[in-house]
Amino acid sequence: MATPRIEVYLHAERAWVTDELAEAYAAALNRMLPELLAQPQGPDHTLSGLQEVEISIVDDEAIAAVHAEFLNDPTPTDAITFPYGEILVSCDTALRYATEHTLSPKEELFRYVVHGLVHLHGHRDYEPADREAMFAVQEPLVAKYCPTDI
């Protein structure tokens with residue numbers, strides 16, 4: 001089983017979303033990936049068959065447009081994952097949620113990326129039991145790999 005390479009791209013101009021952040025995320029995610037791949041796969045897994053995963057950090061306007069086009073919902077969301085290896089995450093949604101819940105925006109944004117990768121590993125979160133199982137995989141990875149020095 002090959003391990004896909006993870007690339008992180010910035011498509012939003014926000015003071016706290018920097019090239020340094022993208023580089024730190026990419027390094028942490030590439031270190032994390034073997035541990036995620038060692039977890040049991042969900043029924044809809046594609047991650048282990050990908051050569052690359054492209055993560056795009058976007059603003060609410062961009063993610064709302066994609067959400068409308070592909071999921072028929074014109075509102076911003078935290079993350080959208082495509083099975084062919086593309087993940088979009090909203091830095092605006094992360095900042096808003098983190099502010100409302102007294103969390104770190106950088107950690108919240110990292111959580112969205114890990115959430116997308118866990119989706120690619122086949123896990124779904126439509127039903128409460130599935131969501132619990134997904135978070136049981138996701139949250140330890142966020143705690144262990146989220147860069148704290150950026």
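Source: prediction; values computed, not measured.
- Put simply, the side chain of Y84 never gets that close to the backbone of T46: no donor and acceptor are under 3.5 Å apart.
- The closest side-chain heavy-atom distance from T77 to T93 is not below 4.5 Å.
- A tilted orientation is assigned to the rings of H11 and Y9, their planes being inclined by 30° to 60°.
- L95 and L88 are not part of a single hydrophobic cluster, where members link through side-chain heavy atoms under 4.5 Å apart.
- The minimum heavy-atom distance linking A98 with E108 is given by the pair CB-CB, 4.3 Å.
- By the criterion of side-chain heavy atoms lying less than 4.5 angstrom apart, applied directly or through intervening Ile, Leu, Val, Met, Phe, Trp or Tyr residues, V89 is grouped together with Y145 in one hydrophobic cluster.
- A donor-acceptor contact under 3.5 angstrom links the side chains of T75 and D73, judged on distance only.
- What you find for A94 and W16 is that their closest heavy atoms are CB-CH2, 4.4 Å.
- Side chains of S90 and Y112 form no contact here, defined as non-hydrogen atoms less than 4.5 Å apart.
- Side-chain heavy atoms closer than 4.5 Å link hydrophobic residues (I, L, V, M, F, W, Y) into clusters, and following such links, possibly through other members, connects F110 to V53.
- Side-chain atoms of L109 and L21, non-hydrogen and from C-beta on, do get closer than 4.5 Å to each other.
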Kindly determine whether K144 and E35 satisfy side chain to side chain contact (heavy atoms under 4.5 Å, CB included), including the steps that lead there. CA-CA 11 Å; K144 183 174 180 180; E35 188 170 335; 3.0 Å; yes

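- In this structure, the side chains of P4 and L33 come closer than 4.5 Å at one or more pairs of heavy atoms.
- Summarising the local packing, CD of E100 is surrounded by more than 12 heavy atoms from other residues, nucleotides or ligands at distances under 6.0 Å.
- At least one side-chain heavy atom of D60 sits under 4.5 Å from a side-chain heavy atom of R96.
- Minimum heavy-atom separation, A12 to D59: CB-N, 3.8 Å.
- Here CD1 of I55 is found 9.0 Å from OG1 of T81. Values are rounded to the nearest 0.5 Å.
- Remark: of the listed residues H121, E139, H119, R124, H119 is the sole one forming a side chain to side chain contact (heavy atoms under 4.5 Å, CB included) with M134.
- Here the closest heavy-atom approach between residue A24 and residue I150 is recorded as CB-CG2, 3.5 Å.
- Counting non-hydrogen atoms of neighbouring residues, nucleotides and ligands closer than 6.0 angstrom, the CD atom of E52 exceeds 12 such neighbours.
- Across P74 and A68, no two heavy atoms sit closer than the pair CA-CB, 3.7 Å.
- Side-chain N or O atoms of H67 include none that pairs as donor or acceptor with a backbone N or O of I63 at under 3.5 Å.
- V58 and V113 are assigned to two separate hydrophobic clusters, defined by single-linkage of ILVMFWY side chains at heavy-atom distances under 4.5 Å.
- For the residue pair L141 and L36, the shortest heavy atom distance occurs at CD1-CD1, 3.9 Å.
- Here the CG atom belonging to L29 is positioned 13.5 Å from the CZ atom belonging to R5, to the nearest 0.5 angstrom.
- Between F70 and F82, the two ring planes are perpendicular [angle over 60°; tilted spans 30° to 60°].
- From E20, atom CD reaches atom CG of L10 across 11.5 Å, with rounding to the nearest 0.5 Å.
- Using a 4.5 Å heavy-atom cutoff, the side chains of H115 and D125 are in contact.
- In this structure, R111 does not pair ionically with D78, as no charged nitrogen and carboxylate oxygen lie closer than 4.0 Å.
- Looking at heavy atoms from C-beta onward, L117 lies in side-chain contact with I6 at the 4.5 angstrom threshold.
- Under the 4.5 Å side-chain heavy-atom criterion for grouping Ile, Leu, Val, Met, Phe, Trp and Tyr, L50 is connected to V137 within one hydrophobic cluster.
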